[in-house]
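To start, the structure itself, in structure tokens.
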Amino acid sequence: MIIKQTAVLIIFSLILVFSVIPNVVKADNQLSSEERIELLFKIQNLLEEVLELQQRLEVISSTNTTRDPYKSKFFTFPYEAIYFVDDLKLVNSDGSKLVRSDDEKLFDLFVGVVGENEVDGLVSEWRIFYDGKIDTGAYVESINNMTSWIVGVNRENYQPNDRRNTESFVNLYIHEYLHILLTKYPSFKKNYKEKFWTEADIANQLAVEKVDIKDRFSYTSKYYNNNEDRFVSDYATVSVDEDLAETFVFFVRGEIPSGNSIEEQKIRYFYTEPDFVEERQRLRNNLKGLNVF
């Protein structure tokens, strides 16, 4: 887009230059010395602008060379597609212009949930994989010291025309967005862990890390069934990060709870951070706009 705009400016400037020069030649005998000097200055300025625009085009072109996807340190799924995100559009990293319809729908839903400004400023790669043997619905991974992010999505359960299925992906996206937000609030996470997580929870987390990923669901379900009043879901028992992300979904989607269970205290804890309260309202407005509130 920028390259096209710059090229148009160069052409427009050239047209101006070459439309002015003939008029100067024709009117030269009718102009005073001061008028001729003024016109020559205008032509000189136009030529300098053309030169500057050409230089800008060369710089932009040099920075838009072939890119390679970021090499993930944690997620080595066999990806079906890897896209770069440019101006909220998907660009296939294989160099082709192919963008699969469902991949684009999943991305557009993510943009709708999280917000255009947030996605444009945070997400640099969009990845699609298909795996029914793991409980990973999506993930985020930081690039360049958390200045940009990869978002990976498991399309295994995606049904684009099913409202309930769409809502499950909405919740998934809210969950993943919290992982990104949390990087700005390390003390919030630290205090949350100290306030709500027991030694038994931490021991369970360490045990879960040793379990094969395909067996993790049955393991977390058992711990959750014994602690239903302390966690909003079985997946929340995996780690403090996942507990925060799962609880954040309930914080965004529901109303403030009035009970005194640990689960409800966790939800209310998000109300102690004004930035999260503001994010809650912004996300709820986005969901209303998508008619999935």
- Under 6.0 Å from the six-membered ring centre of Phe231 and within 45° of its axis: does the NZ or CZ of Lys266 meet both? yes
Which class fits the ring pair [X] and [Y]: parallel under 30°, tilted 30 to 60°, perpendicular over 60°?
X	Y	result
Phe75	Tyr139	parallel
Tyr269	Phe188	tilted
His175	Tyr235	tilted

Using the ring centroid of each side chain, check whether [X] and [Y] are separated by less than 6.0 Å.
X	Y	result
Phe251	Tyr271	yes
Phe110	Tyr177	no
Phe270	Phe276	yes

If I take atom [atom1] from residue [X] and atom [atom2] from residue [Y], how far apart are they, to the nearest 0.5 angstrom?
X	Y	atom1	atom2	value
Glu104	Leu109	CD	CG	12.5 Å
His179	Leu244	NE2	CG	9.0 Å
Arg253	Ile267	CZ	CD1	13.5 Å
Phe129	Thr136	CZ	OG1	6.0 Å
Asn226	Ser221	CG	OG	11.0 Å

Please check if atom [atom1] in [X] has more than 12 non-hydrogen atoms from other residues, nucleotides or ligands closer than 6.0 Å.
X	atom1	answer
Glu80	CD	yes
Lys288	NZ	yes
Arg164	CZ	no

- Is any NZ, NE, NH1 or NH2 atom of the basic residue among Glu255 and Arg280 found under 4.0 Å from an Asp or Glu carboxylate oxygen of the other? yes
- Item | side-chain hydrogen bond (donor to acceptor under 3.5 Å, both in side chains) contacts in which one or both residues fall within residues 192-204, not counting sequence neighbours | Lys190-Glu194, Tyr192-Asp243, Tyr192-Thr247, Trp197-Asp243, Thr198-Asp201, Asp201-Tyr223, Asp201-Arg230
Any side-chain donor-acceptor pair under 3.5 Å between [X] and [Y]?
X	Y	result
Asp103	Tyr83	yes
Asp241	Ser239	no
Ser261	Glu264	yes

Backbone of [Y] reached by a side-chain donor or acceptor of [X] within 3.5 Å:
X	Y	result
Ser168	Asn165	yes
Asp131	Asn154	no
Arg284	Gly254	yes

Hey, can you pull the donor-acceptor pairs under 3.5 Å for the side chains in residues 117-124, sequence neighbours left out?
| residue | atom | partner | partner atom | Å |
| --- | --- | --- | --- | --- |
| Glu118 | OE1 | Arg282 | NH1 | 3.3 |
| Ser124 | OG | Trp149 | O | 3.4 |

- Task: Let me see the working for Asp229 and Glu263 under side-chain contact (heavy atoms from CB on, under 4.5 Å), right down to the final yes or no.
- Result: CA-CA 6 Å; Asp229 64 334; Glu263 170 192 339; 5.6 Å; no
